[in-house]
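Right, one structure below, let's go through it.
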Amino acid sequence: MEYTTTILTGFVALYIFMLAAFTGFEIIGRVPSILHTPLMSGSNFIHGIVVVGALWALLNASTTLQEVIGFVGVLLGAGNAAGGYVVTERMLEMFKPSDKKKG
């Protein structure tokens, strides 16, 4: 069985990054402020995909610079995913009834 590999040149990678950044900016920019936190905390699975992509980049790195970039990607993606869960937890705390009795 023959496997083919796809080589991602720097220009193509930059082009994909620019398209993703523009698309993300347009989508997030149109979300009202009141909905931003619930939508972002509800999309933690996307951060997991980012971590998987960064792990793939790290495992396929061939130079030290690529390894550093992959490691930073994994670190930032994992931090973003963990932060999303923290935001979700804090947001859900706001909806719990208070223990104070009125009187």
Side-chain angles (χ1 to χ4, degrees):
M1 179 176 254
E2 183 178 328
Y3 294 101
T4 59
T5 59
T6 303
I7 298 173
L8 197 63
T9 62
F11 181 72
V12 174
L14 181 63
Y15 182 70
I16 292 171
F17 176 77
M18 288 175 25
L19 283 176
F22 178 73
T23 304
F25 179 77
E26 286 297 316
I27 290 172
I28 297 300
R30 296 175 191 266
V31 174
S33 298
I34 196 163
L35 293 177
H36 189 266
T37 301
L39 287 175
M40 293 310 293
S41 64
S43 63
N44 286 331
F45 67 96
I46 293 175
H47 305 305
I49 294 170
V50 169
V51 172
V52 170
L55 279 170
W56 181 84
L58 178 60
L59 293 174
N60 290 309
S62 58
T63 66
T64 304
L65 179 61
Q66 291 174 350
E67 289 175 354
V68 168
I69 291 172
F71 178 75
V72 169
V74 171
L75 193 67
L76 292 175
N80 203 1
Y85 287 110
V86 170
V87 167
T88 301
E89 184 63 30
R90 290 184 72 188
M91 186 180 63
L92 292 175
E93 286 290 324
M94 294 181 351
F95 293 103
K96 289 185 178 178
S98 62
D99 292 336
K100 296 179 184 178
K101 292 185 179 183
K102 295 181 181 179

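Because the structure is predicted, anything quoted here is derived from the model rather than measured.
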* Structure fact -> Hits for side-chain contact (heavy atoms from CB on, under 4.5 Å) against L65, two or more places apart or cross-chain, chain-then-number order -> T63, I69
* For A61, side-chain contact (heavy atoms from CB on, under 4.5 Å) partners two or more places apart -> Q66, E67
* Could you pull out all residues at least two apart from L55 that satisfy side-chain contact (heavy atoms from CB on, under 4.5 Å)? => V51, V74
* Structure fact -> Residues G73 and A54: closest non-hydrogen pair is C-CB, 3.5 Å
Under 3.5 Å, side-chain donor or acceptor atoms of residues 10-21 against the rest of the protein: list the pairs with distances, not counting sequence neighbours.
none

* Listed once per pair and sorted, the salt bridge (Lys or Arg N to Asp or Glu O under 4.0 Å) pairs that draw on residues 69-81, sequence neighbours left out -> none
* Quick one: which residue pairs count as a salt bridge (Lys or Arg N to Asp or Glu O under 4.0 Å) with a foot in residues 12-26, not counting sequence neighbours? => E26-R30
